[in-house]
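In what follows, a single structure is set out as C-alpha coordinates and then discussed.
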Amino acid sequence: MIRDKSAKTPAKDAPRKDAAKKAAPAKAGKAPATKTTTVPAGKKGIIAVAPPSFRRERALIKCGVWPVAGCDEAGRGPLAGPVVAAAVILDPDRIPRGIDDSKRLTAEEREKLFDKICATAQVSVAVASPSRIDRDNILRASLWALKRAVVALPEAPRHVFVDGRDRLDTPCDCEAVIGGDGIVLSIAAASIIAKVTRDRLMCALAQDCPGYGFEQHKGYAVPEHLDALDRLGPSVHHRRFFAPVAAARAKHMPWTVEPVPDLFAVTEVEVPVEASVGIDASANL
(Lines give C-alpha, C1' and ligand atoms only; values in the text may rest on other atoms or scores of the structure.)
Protein backbone atom coordinates (compact mmCIF):
# COMPACT_ATOMS: atom_id res chain seq x y z
CA MET A 1 0.00 0.00 0.00
CA ILE A 2 1.32 3.43 -0.98
CA ARG A 3 0.40 6.29 1.37
CA ASP A 4 -0.06 9.83 0.18
CA LYS A 5 2.71 11.70 1.93
CA SER A 6 1.08 15.01 1.04
CA ALA A 7 -1.88 14.30 3.36
CA LYS A 8 -1.67 16.26 6.58
CA THR A 9 -1.71 14.36 9.84
CA PRO A 10 -2.99 15.97 13.05
CA ALA A 11 -0.36 17.07 15.48
CA LYS A 12 0.17 14.82 18.42
CA ASP A 13 -0.60 17.52 20.94
CA ALA A 14 -3.73 18.89 19.23
CA PRO A 15 -6.25 17.03 21.46
CA ARG A 16 -4.40 18.22 24.52
CA LYS A 17 -4.69 21.83 23.41
CA ASP A 18 -8.44 21.49 22.88
CA ALA A 19 -8.86 19.91 26.29
CA ALA A 20 -6.78 22.65 27.85
CA LYS A 21 -9.03 25.28 26.26
CA LYS A 22 -12.14 23.57 27.67
CA ALA A 23 -10.60 23.27 31.12
CA ALA A 24 -9.33 26.84 31.19
CA PRO A 25 -11.18 28.93 33.78
CA ALA A 26 -13.47 31.66 32.56
CA LYS A 27 -12.36 35.23 32.81
CA ALA A 28 -13.11 37.04 36.01
CA GLY A 29 -15.55 39.41 34.36
CA LYS A 30 -17.53 36.63 32.64
CA ALA A 31 -17.93 34.15 35.50
CA PRO A 32 -21.49 32.81 35.88
CA ALA A 33 -23.43 34.44 38.68
CA THR A 34 -24.09 32.22 41.71
CA LYS A 35 -26.23 32.97 44.76
CA THR A 36 -24.45 32.71 48.05
CA THR A 37 -25.85 33.08 51.56
CA THR A 38 -23.64 34.64 54.16
CA VAL A 39 -24.36 33.55 57.73
CA PRO A 40 -23.19 36.07 60.33
CA ALA A 41 -20.70 34.86 62.89
CA GLY A 42 -22.43 33.25 65.85
CA LYS A 43 -25.76 33.00 63.97
CA LYS A 44 -25.36 29.51 62.49
CA GLY A 45 -28.31 27.15 62.89
CA ILE A 46 -30.99 29.88 63.06
CA ILE A 47 -34.25 28.85 61.41
CA ALA A 48 -36.65 31.59 60.34
CA VAL A 49 -40.19 30.90 61.52
CA ALA A 50 -43.09 32.41 59.62
CA PRO A 51 -45.50 34.41 61.79
CA PRO A 52 -49.17 33.38 62.04
CA SER A 53 -51.43 34.60 59.25
CA PHE A 54 -55.04 35.64 58.73
CA ARG A 55 -55.36 33.27 55.76
CA ARG A 56 -57.81 30.80 57.30
CA GLU A 57 -60.04 33.54 58.61
CA ARG A 58 -60.14 35.28 55.22
CA ALA A 59 -61.03 32.00 53.50
CA LEU A 60 -64.08 31.68 55.76
CA ILE A 61 -65.03 35.32 55.19
CA LYS A 62 -65.00 34.73 51.42
CA CYS A 63 -67.41 31.84 52.02
CA GLY A 64 -69.75 34.13 53.96
CA VAL A 65 -68.78 32.78 57.40
CA TRP A 66 -68.34 35.56 59.97
CA PRO A 67 -67.59 36.25 62.84
CA VAL A 68 -64.59 33.94 63.23
CA ALA A 69 -62.93 33.60 66.65
CA GLY A 70 -59.65 32.19 67.86
CA CYS A 71 -59.15 30.93 71.39
CA ASP A 72 -56.23 29.76 73.49
CA GLU A 73 -55.29 29.25 77.13
CA ALA A 74 -52.35 29.97 79.39
CA GLY A 75 -51.29 28.14 82.53
CA ARG A 76 -51.69 24.40 82.02
CA GLY A 77 -48.26 23.51 83.32
CA PRO A 78 -47.75 25.62 86.49
CA LEU A 79 -48.04 24.25 90.02
CA ALA A 80 -50.08 27.21 91.22
CA GLY A 81 -52.64 29.67 89.98
CA PRO A 82 -55.57 29.39 87.58
CA VAL A 83 -55.85 28.46 83.94
CA VAL A 84 -56.82 31.51 81.90
CA ALA A 85 -58.58 31.15 78.54
CA ALA A 86 -59.21 33.90 76.01
CA ALA A 87 -61.26 34.23 72.83
CA VAL A 88 -60.69 36.94 70.20
CA ILE A 89 -62.55 38.08 67.08
CA LEU A 90 -60.16 40.25 65.09
CA ASP A 91 -61.42 43.13 62.96
CA PRO A 92 -60.15 42.38 59.40
CA ASP A 93 -59.71 46.10 58.75
CA ARG A 94 -57.88 46.90 61.99
CA ILE A 95 -55.47 44.07 62.76
CA PRO A 96 -52.57 45.25 64.94
CA ARG A 97 -49.12 44.59 63.53
CA GLY A 98 -46.74 42.27 65.31
CA ILE A 99 -49.23 39.67 66.57
CA ASP A 100 -47.43 36.38 67.13
CA ASP A 101 -47.40 33.35 69.39
CA SER A 102 -47.11 34.78 72.90
CA LYS A 103 -44.13 32.51 73.61
CA ARG A 104 -42.12 34.25 70.87
CA LEU A 105 -42.73 37.72 72.29
CA THR A 106 -41.17 39.56 75.18
CA ALA A 107 -43.23 40.71 78.14
CA GLU A 108 -43.06 44.31 76.88
CA GLU A 109 -44.23 43.33 73.40
CA ARG A 110 -47.12 41.32 74.85
CA GLU A 111 -48.24 44.24 77.00
CA LYS A 112 -48.31 46.62 74.02
CA LEU A 113 -50.16 44.16 71.81
CA PHE A 114 -52.60 43.39 74.63
CA ASP A 115 -53.77 47.03 74.64
CA LYS A 116 -53.95 47.18 70.83
CA ILE A 117 -55.95 43.96 70.55
CA CYS A 118 -58.40 45.03 73.25
CA ALA A 119 -58.87 48.38 71.46
CA THR A 120 -59.59 46.90 68.01
CA ALA A 121 -61.08 43.42 68.52
CA GLN A 122 -63.81 41.61 70.44
CA VAL A 123 -62.23 39.94 73.46
CA SER A 124 -63.41 37.71 76.31
CA VAL A 125 -61.63 35.91 79.13
CA ALA A 126 -62.56 32.99 81.40
CA VAL A 127 -60.71 31.58 84.41
CA ALA A 128 -60.59 28.05 85.84
CA SER A 129 -59.54 28.16 89.50
CA PRO A 130 -57.13 25.72 91.18
CA SER A 131 -60.09 24.10 92.96
CA ARG A 132 -61.73 23.34 89.62
CA ILE A 133 -58.44 21.96 88.32
CA ASP A 134 -58.21 19.70 91.39
CA ARG A 135 -61.78 18.53 90.90
CA ASP A 136 -61.91 18.04 87.12
CA ASN A 137 -58.20 17.61 86.16
CA ILE A 138 -56.19 20.13 84.16
CA LEU A 139 -57.44 19.13 80.69
CA ARG A 140 -61.14 19.30 81.51
CA ALA A 141 -60.69 22.56 83.40
CA SER A 142 -58.88 24.08 80.42
CA LEU A 143 -61.56 23.01 77.94
CA TRP A 144 -64.25 24.33 80.29
CA ALA A 145 -62.54 27.73 80.46
CA LEU A 146 -62.06 27.85 76.67
CA LYS A 147 -65.74 27.16 76.07
CA ARG A 148 -66.72 29.80 78.63
CA ALA A 149 -64.52 32.34 76.86
CA VAL A 150 -66.15 31.63 73.49
CA VAL A 151 -69.66 31.90 74.96
CA ALA A 152 -68.73 35.20 76.66
CA LEU A 153 -67.80 36.98 73.42
CA PRO A 154 -69.91 40.07 72.71
CA GLU A 155 -70.93 38.58 69.35
CA ALA A 156 -71.54 34.87 68.89
CA PRO A 157 -69.00 33.47 66.41
CA ARG A 158 -69.99 31.20 63.54
CA HIS A 159 -66.63 29.44 63.50
CA VAL A 160 -64.00 28.92 66.19
CA PHE A 161 -60.33 28.02 65.90
CA VAL A 162 -58.86 26.50 69.06
CA ASP A 163 -55.24 25.71 69.78
CA GLY A 164 -54.50 22.04 70.43
CA ARG A 165 -55.98 18.64 69.63
CA ASP A 166 -59.38 18.94 71.34
CA ARG A 167 -62.39 20.61 69.81
CA LEU A 168 -64.81 22.52 71.99
CA ASP A 169 -68.47 21.73 72.50
CA THR A 170 -69.69 25.03 71.07
CA PRO A 171 -72.94 25.90 69.24
CA CYS A 172 -70.90 26.79 66.13
CA ASP A 173 -68.30 24.89 64.15
CA CYS A 174 -65.04 24.40 66.01
CA GLU A 175 -61.71 23.50 64.41
CA ALA A 176 -58.75 22.32 66.49
CA VAL A 177 -55.35 23.38 65.14
CA ILE A 178 -52.22 21.80 66.61
CA GLY A 179 -49.68 24.56 67.14
CA GLY A 180 -52.40 27.04 66.22
CA ASP A 181 -50.91 29.92 68.18
CA GLY A 182 -48.07 29.96 65.65
CA ILE A 183 -50.32 29.43 62.58
CA VAL A 184 -53.70 31.17 62.98
CA LEU A 185 -53.62 34.89 63.73
CA SER A 186 -56.81 34.88 65.82
CA ILE A 187 -55.42 32.12 68.05
CA ALA A 188 -52.14 34.02 68.41
CA ALA A 189 -54.07 37.11 69.52
CA ALA A 190 -55.95 34.99 72.08
CA SER A 191 -52.67 33.56 73.36
CA ILE A 192 -51.43 37.09 74.07
CA ILE A 193 -54.63 38.05 75.91
CA ALA A 194 -54.57 34.86 78.00
CA LYS A 195 -50.86 35.14 78.83
CA VAL A 196 -50.92 38.80 79.88
CA THR A 197 -54.10 38.32 81.92
CA ARG A 198 -52.65 35.35 83.79
CA ASP A 199 -49.32 37.07 84.43
CA ARG A 200 -51.18 39.99 86.00
CA LEU A 201 -53.23 37.63 88.15
CA MET A 202 -50.10 35.86 89.39
CA CYS A 203 -48.53 39.21 90.33
CA ALA A 204 -51.64 39.94 92.38
CA LEU A 205 -51.42 36.51 94.05
CA ALA A 206 -47.79 37.26 94.94
CA GLN A 207 -49.01 40.09 97.16
CA ASP A 208 -51.57 37.80 98.80
CA CYS A 209 -49.03 34.97 99.34
CA PRO A 210 -45.54 36.47 99.62
CA GLY A 211 -42.49 34.26 99.70
CA TYR A 212 -43.26 31.99 96.76
CA GLY A 213 -42.09 34.36 94.03
CA PHE A 214 -45.26 34.16 91.94
CA GLU A 215 -44.44 37.54 90.41
CA GLN A 216 -41.24 36.08 88.95
CA HIS A 217 -42.00 32.53 87.79
CA LYS A 218 -45.81 32.82 87.54
CA GLY A 219 -46.27 29.50 89.35
CA TYR A 220 -44.12 27.30 87.11
CA ALA A 221 -41.93 24.57 88.60
CA VAL A 222 -38.61 26.43 88.55
CA PRO A 223 -36.00 25.66 91.26
CA GLU A 224 -36.87 28.83 93.21
CA HIS A 225 -40.52 27.82 93.36
CA LEU A 226 -39.74 24.24 94.37
CA ASP A 227 -37.47 25.47 97.16
CA ALA A 228 -40.17 27.79 98.49
CA LEU A 229 -42.74 25.01 98.25
CA ASP A 230 -40.53 22.68 100.25
CA ARG A 231 -39.80 25.38 102.82
CA LEU A 232 -43.25 26.94 103.24
CA GLY A 233 -45.60 24.19 102.13
CA PRO A 234 -48.42 24.68 99.61
CA SER A 235 -50.70 27.71 99.66
CA VAL A 236 -54.41 27.85 98.85
CA HIS A 237 -53.45 28.82 95.29
CA HIS A 238 -51.47 25.63 94.61
CA ARG A 239 -52.89 22.69 92.68
CA ARG A 240 -53.19 19.96 95.26
CA PHE A 241 -52.64 16.90 93.08
CA PHE A 242 -49.65 18.07 91.03
CA ALA A 243 -46.75 15.88 92.18
CA PRO A 244 -44.44 18.52 93.77
CA VAL A 245 -47.41 20.08 95.58
CA ALA A 246 -48.62 16.70 96.82
CA ALA A 247 -45.13 15.96 98.16
CA ALA A 248 -44.99 19.30 99.98
CA ARG A 249 -48.47 18.70 101.36
CA ALA A 250 -47.43 15.30 102.71
CA LYS A 251 -44.47 16.95 104.43
CA HIS A 252 -46.20 19.98 105.96
CA MET A 253 -49.81 18.76 106.23
CA PRO A 254 -49.74 14.96 106.42
CA TRP A 255 -53.26 14.84 107.89
CA THR A 256 -54.62 16.08 104.52
CA VAL A 257 -53.14 13.16 102.60
CA GLU A 258 -55.47 10.22 102.20
CA PRO A 259 -53.77 6.81 102.48
CA VAL A 260 -53.75 4.83 99.27
CA PRO A 261 -54.70 1.15 99.66
CA ASP A 262 -52.14 -1.41 98.55
CA LEU A 263 -53.73 -3.29 95.69
CA PHE A 264 -51.15 -6.05 95.90
CA ALA A 265 -51.47 -6.77 99.62
CA VAL A 266 -52.35 -10.41 100.44
CA THR A 267 -55.23 -10.85 102.84
CA GLU A 268 -56.46 -14.09 104.38
CA VAL A 269 -60.11 -14.90 103.82
CA GLU A 270 -61.89 -17.56 105.91
CA VAL A 271 -64.24 -19.73 103.92
CA PRO A 272 -66.75 -21.73 105.99
CA VAL A 273 -67.01 -25.40 105.05
CA GLU A 274 -70.08 -27.47 105.90
CA ALA A 275 -69.28 -30.67 107.85
CA SER A 276 -71.91 -32.67 105.98
CA VAL A 277 -70.09 -32.39 102.73
CA GLY A 278 -68.35 -35.65 101.92
CA ILE A 279 -66.09 -36.89 99.15
CA ASP A 280 -66.72 -40.14 97.34
CA ALA A 281 -63.32 -41.74 96.85
CA SER A 282 -64.68 -44.02 94.11
CA ALA A 283 -65.75 -41.09 91.99
CA ASN A 284 -63.81 -40.60 88.79
CA LEU A 285 -61.95 -37.29 89.08
For the [atom1] atom of [X] and the [atom2] atom of [Y], what is their distance to the nearest 0.5 Å?
X	Y	atom1	atom2	result
Ile138	Ile133	CD1	CD1	4.0 Å
Asp169	Cys174	CG	SG	9.5 Å
Arg110	Thr197	CZ	OG1	11.5 Å
Leu105	Phe114	CG	CZ	14.0 Å
Thr120	Asp93	OG1	CG	11.0 Å
Phe161	Leu185	CZ	CG	11.5 Å

Donor-acceptor side-chain pairing of His217 and Glu224 below 3.5 angstrom: no
Going hydrophobic residue to hydrophobic residue with side-chain gaps under 4.5 angstrom, can you get from [X] over to [Y]?
X	Y	value
Ile95	Val65	yes
Val184	Phe54	yes
Ile183	Val160	no
Val88	Leu168	no
Leu201	Ile117	yes

Would you name the heavy atoms of [X] and [Y] that are closest together and state the gap between them?
X	Y	result
Leu113	Pro96	CD2-CB, 4.5 Å
Pro82	Ser129	CB-CA, 4.2 Å
Ile89	Ala121	O-CB, 3.2 Å
Leu79	Ala221	CD1-CB, 3.7 Å
Ala128	Ala141	CB-O, 3.7 Å
Gly70	Ala190	O-CB, 3.5 Å

May I ask you to establish whether [X] and [Y] are in a cation-pi arrangement, using a distance under 6.0 Å from NZ or CZ to the six-membered ring centre and at most 45° from the ring axis?
X	Y	value
Arg158	Trp66	no
Arg239	Phe242	yes
Arg135	Phe241	no

More than 12 heavy atoms of other groups within 6.0 Å of Arg132 CZ: yes
Tell me, yes or no, whether the heavy-atom count around Arg167 atom CZ, taken from other residues, nucleotides or ligands under 6.0 Å, exceeds 12. no
Taking the side chain as everything from C-beta on, heavy atoms only, tell me whether [X] gets closer than 4.5 Å to [Y].
X	Y	answer
Gln216	Phe214	no
Tyr220	His225	no
Cys71	Leu146	yes
Leu229	Pro234	yes
Glu155	Pro67	yes
Leu139	Arg76	yes
Cys209	His237	yes

Aromatic ring proximity Tyr212/His238, centre distance under 6.0 Å: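 Yes: the rings meet the under 6.0 Å criterion.
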Assess whether side chain to side chain contact (heavy atoms under 4.5 Å, CB included) is satisfied between Ser186 and Glu57, documenting all intermediate values. CA-CA 8 Å; Ser186 297; Glu57 293 91 336; 2.7 Å; yes
Going by side chain to side chain contact (heavy atoms under 4.5 Å, CB included), Leu90 matches just one of Ile99, Val68, Val123. Which one?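 When Ile99, Val68, Val123 are each tested with Leu90, the side chain to side chain contact (heavy atoms under 4.5 Å, CB included) holds only for Ile99.
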Only one of Ile193, Ile192, Asp181 clears side chain to side chain contact (heavy atoms under 4.5 Å, CB included) with Ser102; which?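 Answer after filtering Ile193, Ile192, Asp181: Ile192.
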If the threshold is 4.0 Å, N to carboxylate O, is there a salt bridge linking [X] and [Y]?
X	Y	result
Arg198	Glu73	no
Asp199	Lys195	yes
Glu111	Arg200	yes

Go through Lys218 and Cys203 one step at a time and tell me if the side chain to side chain contact (heavy atoms under 4.5 Å, CB included) criterion holds. CA-CA 7 Å; Lys218 307 302 185 293; Cys203 290; 4.1 Å; yes
Can you check side chain to side chain contact (heavy atoms under 4.5 Å, CB included) on Lys251 and Asp230, steps first, answer last? CA-CA 8 Å; Lys251 176 181 177 181; Asp230 182 70; 3.1 Å; yes
Taking [X] for the side chain and [Y] for the main chain, is one N or O donor matched with an acceptor at less than 3.5 Å?
X	Y	answer
Asp163	Gly180	yes
Asp101	Arg104	no
Gln122	Leu153	no

Chi angles and distances behind the side chain to side chain contact (heavy atoms under 4.5 Å, CB included) call for Val162, Val177: CA-CA 6 Å; Val162 60; Val177 183; over 6 Å; no
